[in-house]
Amino acid sequence: MRHIIESQQFDREFLRELFAEATRLEHAPEQSLRGKILASLFYEPSTRTRLSFESAMQRLGGMVLSTENAAEFSSAVKGETLEDTVRVVGHYADTIALRHYDAAAAAAAAAVAPVPVLNAGSGTGQHPTQALLDVYTIERELGGIDGITVAMVGDLRHGRTVRSLAYLLGKYSGVRICFISPEGLRVGDDIKEYLDRHGVPYAETERLDQGLKVADVLYQTRIQKERFENPSQYELFKGVYQIDRTMVRLMKQGSILMHPLPRVDEILPEVDALPQAVYFKQAQYGVLVRMALLKWVLEK
Ligand code: NCD
């Protein structure tokens with residue numbers, strides 16, 4: 001069965017075919033998933049990921065069953081395990097998009113699910129479909145991934161999109177990564193070990209200005225307020241990197257500014273109209289990538 005659990009599972013050939021299919025679907029609408037059902041089982045808040053999966057499914061002629069607040073309104077409240085829920089929902093739907101607060105949830109669900117599981121974000125673990133749409137965005141906007149420098153900014157300790165993106169970029173050649181965060185929010189050692197093993201050079205710094213000038217992609221992220229043990233810790237980091245128009249002018253010629261969204265105050269709205277700002281387009285590309293993914297998991 002074709003589950004989507006973590007970025008490490010993909011290879012270049014898969015990515016090439018997936019992205020080609022996403023672009024093809026943009027120009028050639030089709031109803032190839034008619035009669036199929038996607039269940040979205042979301043135990044954590046979401047706007048884009050859930051709705052873009054659901055939009056992707058419906059655009060391909062499929063149908064959707066949706067729980068947007070499974071942590072409060074599903075039988076989890078009565079004490080049901082995730083495994084039991086997934087076993088049952090797998091008989092109501094042909095595939096399950098799962099968002100959960102536990103980093104191990106997607107793998108645990110896939111182990112028992114009778115249908116493909118799509119990891120739509122698992123705690124501080126991974127968010128592989130976001131990474132796929134991030135890389136697709138870079139390819140569409142810059143024409144390729146090999147040889148680029150990517151600066152990842154913000155809460156690299158808790159941010160799952162950064163983690164999945166770093167793993168995925170490790171598949172390409174000549175990529176350099178610059179991790180920019182305060183000392184207390186540095187990226188995990190598992191990521192650094194993976195990059196070392198794959199020969200991907202990276203640097204770590206607290207200074208945003210160092211990344212601004214060299215990056216082809218500036219990937220800004222939200223400080224993950226909900227992941228801090230207490231509010232005073234969050235207050236320490238709140239607003240630490242704010243990108244304004246002046247900073248965007250310092251960015252390398254031809255570079256782009258990305259963000260998985262939602263943003264709070266880390267990119268000022270005055271930046272939105274600048275040509276470097278591609279974060280809303282990024283969300284749009286997400287529907288195409290999820291269409292291609294749904295086709296792929298339901299093909300077999
Ligand atoms: C991200 C997430 O949920 O990890 N959002 C998303 O899916 N686009 C990023 C975030 O919440 O900061």
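Numbering of ligands and ligand atoms starts at 1, following listing order.
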A.B. asks: Test: side-chain hydrogen bond (donor to acceptor under 3.5 Å, both in side chains). Region: residues 138-148. Which pairs qualify, not counting sequence neighbours?
C.D. replies: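 Residue pairs with at least one partner in residues 138-148: R12-D146, E26-R140, Y136-R140, E141-K281, E141-Y285, D146-S173.
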
A.B. asks: Just to be sure I understand the cut-off, which residues have at least one non-hydrogen atom under 4.0 angstrom from an atom of ligand 1?
C.D. replies: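 Protein residues near ligand 1 are T49, R99, H127, Q130, R160, T161, R222, Q224, P260, L261, P262.
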
A.B. asks: Test the R290-F53 pair against the cation-pi criterion, namely NZ or CZ under 6.0 angstrom from the six-membered ring centroid and within 45° of the ring axis.
C.D. replies: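 Verdict for F53: a cation-pi partner in R290.
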
A.B. asks: Kindly say whether S7 contributes a backbone atom to a donor-acceptor pair with the side chain of Q126 at under 3.5 angstrom?
C.D. replies: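 Checking the backbone N and O of S7 against the side chain of Q126, a donor-acceptor pair under 3.5 Å is found.
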
A.B. asks: Taking C-beta and beyond as the side chain, do L165 and M152 meet within less than 4.5 Å on heavy atoms?
C.D. replies: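 The answer is yes; the side chains approach within 4.5 Å.
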
A.B. asks: Is it the case that more than 12 heavy atoms not belonging to R48 sit under 6.0 Å from its CZ atom?
C.D. replies: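 Check passes, neighbour count above 12.
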
A.B. asks: Please check if the number of heavy atoms outside K225 that lie under 6.0 Å from its NZ is greater than 12.
C.D. replies: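 No, not enclosed.
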
